[in-house]
Amino acid sequence: MSSFTFHLSASPIDPGAIAEDAHTPADGAVVTFVGVVRAEARGRRVTRLEYEAFGAMAETEMLQIFESMRAQFKITSARVVHRTGICQIGDPSIVIVVAAPHRGAAFDACRYCIDTLKQTVPIWKREMYEGGAEWVGDRS
C-alpha cells in the first residue's frame, strides 16, 4: 500500500510495526532508519532525552518534505514516527521507513528525510545529563 504518513508519538515506538506492510508489489527495497537515544553526546553522559514538538507545524513541514521526496526520488511510500516526551537510553526516538522499486532511491530518500527533518521540522530535544540539562538546537 502506497502511503506517506507522519505521526508524533508520546508512547514508545515499535519500528517493526511501522515497517509492516510499508511496500507495494512493485517495490524491491524497504529502508528503515531507527534513531535511538545514546548514552553520550558532546562529551557528556546523557541520562535521558525529552522531545517537544509544535504538532500542526511539524505535520505541515513533513508534508513538504514528502512532496520533495516524491519529486526527487522514485519512491512509493514513506512513514515517519517521532517520539515526544521522555525517552530513555536505547529507546527509538524516530523511525523512518521508505519503500521504492530500487534500493538507491530508498536509501537516498531516507537520508534526505532525516537530514531535512532535523533542519526544518519544529521538534526540539532536551538532553538530560548527570548534573544538568540542555536544549539542543534552535528553539526560536
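Below, all heavy atoms of this structure are taken into account, side chains as well, without hydrogens, waters or symmetry copies.
- With Thr47 contributing its side chain and Met128 its backbone, the two residues share a donor-acceptor pair below 3.5 Å.
- The ring-ring contact (aromatic ring centres under 6.0 Å, His included) contacts involving residues 71-111 comprise Tyr51-His82, Phe73-Tyr112, where partners must be two or more places apart or lie in separate chains.
- Annotation: side-chain hydrogen bond (donor to acceptor under 3.5 Å, both in side chains) contacts involving residues 36-45, sequence neighbours excluded, comprise Arg42-Glu127, Arg44-Glu134, Arg45-Glu130.
- The distance from atom OG of Ser77 to atom CG of Asp27, rounded to the nearest 0.5 Å, is 6.0 Å.
- Under a 3.5 Å cut-off, the side chain of Ser93 and the backbone N or O of Gly35 do form a donor-acceptor pair.
- Side-chain atoms of Tyr129 and Val46, non-hydrogen and from C-beta on, do get closer than 4.5 Å to each other.
- In this structure, CZ on Arg83 lies 14.0 Å from NZ on Lys125, to the nearest 0.5 angstrom.
- Side chain of Ser3 to backbone of Thr5: no donor-acceptor contact under 3.5 angstrom is found.
- No donor-acceptor pair closer than 3.5 Å links the side chain of Thr32 to the backbone N or O of Val97.
- Asp91 has its side chain out of reach of Val36: every pair of non-hydrogen atoms, C-beta onward, lies at least 4.5 Å apart.
- Contact record, Arg70 with Phe4: CG-CZ, 3.5 Å, taken as the closest heavy-atom pair.
- Nearest heavy atom pair, residue Ile75 against residue Ala105, reads CG2-O, 3.9 Å.
- The shortest heavy-atom contact between Ala100 and Lys74 is CB-O, 3.2 Å.
- No chain of hydrophobic side-chain contacts below 4.5 Å, direct or via other Ile, Leu, Val, Met, Phe, Trp or Tyr residues, connects Ile123 to Ile86.
- Residues that satisfy the ring pair (Phe, Tyr, Trp, His ring centres under 6.0 Å) test with Phe6, not counting sequence neighbours, are absent from this structure.
- Between the side chains of Ser68 and Gln64, not a single donor N or O lies within less than 3.5 Å of an accepting N or O.
- Test Ile13, Ile96, Ile94 against Val81 for side chain to side chain contact (heavy atoms under 4.5 Å, CB included) and you get one pass: Ile13.
- A single hydrophobic cluster is seen to contain both Val37 and Leu117, as judged by linkage of ILVMFWY side chains at heavy-atom distances under 4.5 Å, directly or through other members.
- Across every non-hydrogen atom of Ile89 and Arg48, the tightest pair is CD1-N, 4.2 Å.
- In this structure, the side chains of Val31 and Arg103 stay at 4.5 Å or more apart for every pair of heavy atoms.
- One finds the CD1 atom of Ile114 at 10.5 Å from the CD atom of Gln119 (value rounded to the nearest 0.5 Å).
- The minimum heavy-atom distance linking Cys113 with Val80 is given by the pair SG-CG2, 3.8 Å.
- One distance of note links CZ of Arg79 with CZ of Phe66; it measures 10.5 Å at 0.5 Å rounding.
- Proximity of a side-chain donor or acceptor of Asp14 to a complementary backbone N or O of Gly16 within less than 3.5 Å is detected.
- Here Met57 contributes atom CE and Thr120 contributes atom OG1; the two are 10.0 Å apart, rounded to the nearest 0.5 Å.
- Closest approach of Ala109 to Val98, counting heavy atoms only: CB-CG1, 3.9 Å.
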_With side-chain contact (heavy atoms from CB on, under 4.5 Å) as the criterion, how do Ile65 and Val121 come out once you've worked through the C-alpha distance, each side chain's angles and the decisive distance to 0.1 Å?_
CA-CA 9 Å; Ile65 292 170; Val121 178; 3.7 Å; yes

